[in-house]
Protein chains: 2
Amino acid sequence: MSTQTPSRPEVRQQTDLVIGLSAVIVAVTGDDPKVLVVRHCGGREALPSGPLERGHRTLETGLRNWVERQTLQKLGYVEQLYTFGDRDRSETDGANATRALSVAYLALVREARPAGDADAAWQSWYRYFPWEDWRDGRPPVLDALEPVLRDWAAADVRATRGERLSLAFGFGERGVWDEERALERYELLYEAGLVGEALREQNAGRAAPLAGSVEMAVDHRRMLALAIARLRGKIKYRPVVFELMPPSFTLLQLQRTVEALGGVRLHKQNFRRLVEQQRLVEETGEATAETGGRPARLVRFRREVLLERPAPGVRLPVAGGRR
Amino acid sequence: MSTQTPSRPEVRQQTDLVIGLSAVIVAVTGDDPKVLVVRHCGGREALPSGPLERGHRTLETGLRNWVERQTLQKLGYVEQLYTFGDRDRSETDGANATRALSVAYLALVREARPAGDADAAWQSWYRYFPWEDWRDGRPPVLDALEPVLRDWAAADVRATRGERLSLAFGFGERGVWDEERALERYELLYEAGLVGEALREQNAGRAAPLAGSVEMAVDHRRMLALAIARLRGKIKYRPVVFELMPPSFTLLQLQRTVEALGGVRLHKQNFRRLVEQQRLVEETGEATAETGGRPARLVRFRREVLLERPAPGVRLPVAGGRR
DNA sequence: AGCCTTATGCTCAATTTTAGCATAACGGTC
DNA sequence: GACCGTTATGCTAAAATTGAGCATAAGGCT
């Protein structure tokens, strides 16, 4: 009750505990942001993952091990996302339930290899989140979603649901689409019973799962939503996009990559100006004629920017396509 | 080797595992950013923390429990920071070492109560990081640190240390101080053997620990560094400062709070304009004469901004004091 | 040559930032 | 009551950044 000193080994409980390690591995090929998924035992798609083992010196090495074993994919840039630990994540096999924590990571890789293993495959992440892709205007799924969500909000005694909706989806009149709120959107859909995962645990007969968006195993889709949100945010103040680019590339390729991640279109000239005046890239001297029209210069990432400015990122000059 | 499916309960290992929960609890009183510390068994100062127990539904409730038990402090805003899991964190009691994971959280509270429990105390965080406070110009500790760090970098075969130094501390000629890099700075000092914690594990006879900065138990100072870095970043794009403010306050109080966290001075008029034109606050109608000069209007946080703009934060208009 | 497509250069106006100047309003002091 | 120190606030000119487009360049193709 009173003065407790923390972490006394004698009182250590003997609860069964498993630490899971999961990776959201992202690559961009052409116009699509891809994520590496494996086929789960239960048939559902899952993120590469496995339990932390005694042999793993750090969580991150454990993760790399599992990913390489499962997908034959080497990881470059890796960053920790979040640790999930709710008790209801765990498998309840009787009174002595095993508690399952899960540490999720985000990894960025350059080339999406043709998924070394048969069970591993690269999939566009918009397959799981069709409402997140605004590059060709308002995604059609939202037409189906909006009324259901509004009803769900209206059934709320306190006004809080409606507020959260307008925040996440920009439903209100002055509402704007904030691409960084991908996680909040997924969580709202989950609460409203509009994603398949929500219906699994309790067969509460709420709305039917939403056609057109693919489920994932356990809470892996939530992890993916978090990864998307984080990446969309981070790209703006740290030059992480370049982790996804080949050694040399054209400015349009860079723009398409940023657009793929953000799910929005950008104003071309302004994007180039931004990238160039921030001196994020430098000339290679070469050019490529692959793209159809006038050949484009090939550039490469200027590593030195990391030393020069506090927060070099690719700010997103949004194109007309809003609303 | 090949097709492994993840998380099969049968193979679950019986390793001893403890999940620690630690909280960096922050408040700002007057001009100082405070953190709540408890006196550790070993005599060192520590963050409030304790092991995850079976009764805890979520990691966060577990954390809140421990904090309230140890410090009698209720938590408001809480956010997960990071999970530390390196094997060398663990206590090695023979071959069967217990692996200790630790999930660190950041919490923001309004009033720094006089530390309910005798073992708990509010301390300025600059006590542990004197080099992070640039509000009165370049902190004097850096004069002692810089040459030692430079020597350490010079002793490096590859040039990578020097690069990291100029990145983190802005030592180069064009170098700038980026307040958000608090964690990187701590880690460099750790590697260079300039903080006490570094000398504990291996009595490698490197440089002496730096006088003038206070150690903490285990890796708690690293957690604090991470919390500072995250908070300094987050403040700019989410209105989290207001979690630290009383219900009504003056613009100068708000500015002092932001300055305390960032460790930098801001341009007064520009700060006010920013806050006002972003409509982060609204009038209460009252005023206060407490501050000496002309009475200041009292304002309160305008919750509605959360619904209006994608990323409302207090961007930092730095005052002259750079360099 | 003419057309389509992508690459690039440049401009103009609207906004936002930076850095100060100037004035207001209160509590003392002489 | 005038004067001073202190903090609050209003306002502005100049510089820098953004948002939107126009216009031209340079390939491939028919």
Side-chain angles (χ1 to χ4, degrees), chain A residues 30-31 176-177 236-237 248-259 262 264-299 308-323, chain B residues 30-31 176 236-237 248-259 262 264-299 309-323:
Chain A
D31 280 0
V176 280
W177 180 260
K236 292 174 191 159
Y237 59 93
S248 80
F249 47 87
T250 69
L251 289 177
L252 188 58
Q253 279 167 22
L254 182 63
Q255 181 180 344
R256 292 288 178 240
T257 302
V258 174
E259 289 175 337
V264 290
R265 286 264 166 244
L266 306 179
H267 182 285
K268 185 165 171 172
Q269 293 94 321
N270 289 348
F271 176 82
R272 318 171 104 258
R273 183 179 54 188
L274 208 65
V275 170
E276 296 203 306
Q277 83 174 21
Q278 292 199 142
R279 308 220 306 143
L280 290 169
V281 299
E282 64 191 1
E283 304 278 337
T284 62
E286 293 165 281
T288 175
E290 280 168 17
T291 43
R294 169 175 171 177
R297 298 142 45 215
L298 282 168
V299 296
E308 294 167 359
R309 263 195 331 300
V314 183
R315 294 210 270 338
L316 303 182
V318 180
R322 283 247 158 170
R323 176 69 301 208
Chain B
D31 280 1
V176 280
K236 291 174 193 160
Y237 60 93
S248 80
F249 47 87
T250 70
L251 289 176
L252 188 58
Q253 280 168 21
L254 182 63
Q255 180 180 345
R256 293 287 177 242
T257 302
V258 174
E259 289 175 336
V264 291
R265 286 264 166 245
L266 306 179
H267 182 286
K268 185 164 171 172
Q269 293 94 320
N270 290 346
F271 176 83
R272 320 172 101 258
R273 187 187 45 196
L274 207 66
V275 170
E276 296 203 306
Q277 83 173 23
Q278 291 199 142
R279 309 218 307 143
L280 289 171
V281 299
E282 63 191 2
E283 304 279 338
T284 63
E286 294 165 280
T288 176
E290 280 168 18
T291 42
R294 168 176 171 177
R297 298 142 45 216
L298 282 169
V299 296
R309 261 194 332 300
V314 183
R315 294 208 271 340
L316 303 183
V318 179
R322 282 245 158 171
R323 173 71 300 203

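We name chains A, B, ... by the order of the sequence lines, and we start the count at 1 in each one.
Residue B:E276 contributes atom CD, which lies 16 Å from atom C1' of C:dT16 at whole-angstrom precision. Between the NZ atom of A:K236 and the P atom of D:dT17 there is a distance of 20 Å, given to the nearest Å. When the C1' atom of D:dT7 is taken as reference, atom CG of B:L254 falls 16 Å away, rounded to whole Å. In this structure, NE2 of B:H267 is placed 16 Å from P of D:dT9, rounded to the nearest angstrom. To the nearest angstrom, P of C:dT6 lies 13 Å from CD of A:Q253. We find that CD of B:Q277 is positioned 6 Å from P of C:dT16, with the value rounded to whole Å. Computed from coordinates, the B:L274 CG to D:dG10 P distance equals 15 Å when rounded to whole Å. Taking atom CD of A:Q255 as the reference point, atom C1' of C:dT8 lies 13 Å away to the nearest angstrom.
When the side-chain nitrogen and oxygen atoms of B:K268 are compared with OP1 and OP2 of D:dT7, none of them lie within a distance under 4.0 Å. The side chain of B:R272 places an N or O atom within less than 4.0 Å of a non-bridging phosphate oxygen (OP1 or OP2) of D:dT9.
Put simply, CZ on A:F271 and CD on A:E259 are 7.5 Å apart, with the number rounded to the nearest 0.5 Å.
Listed candidates were D:dG21, D:dT18, C:dA19. Nearest to the side chain of B:N270 is C:dA19. Here C:dT8 is the nucleotide among D:dT9, C:dT8, D:dG19 with the atom lying nearest to any side-chain atom of A:R294. For A:Q269, counting side-chain heavy atoms from C-beta on, the closest listed nucleotide (D:dG27, D:dT9, D:dG21) is D:dG21.
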Verdict with reasoning, A:F249 to A:T257, per side-chain contact (heavy atoms from CB on, under 4.5 Å)
CA-CA 11 Å; A:F249 47 87; A:T257 302; over 6 Å; no

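Residue B:T284 comes nearest to B:L298 through the heavy atom pair OG1-O, 2.8 Å, listed as atom of the first residue, atom of the second, then distance. What you find for B:Q255 and B:L266 is that their closest heavy atoms are NE2-O, 3.1 Å. The nearest pair of heavy atoms linking A:R297 to A:L251 is NH1-CD1, 4.1 Å.
At a threshold of 4.0 angstrom between heavy atoms, the contacts of B:L251 with the nucleic acid are absent. Within 4.0 Å of A:R297, counting heavy atoms only, lie sugar-phosphate atoms of the nucleic acid but no base atom.
Applying the 3.5 Å distance criterion, the base of D:dG19 shares a donor-acceptor pair with the side chain of A:R273.
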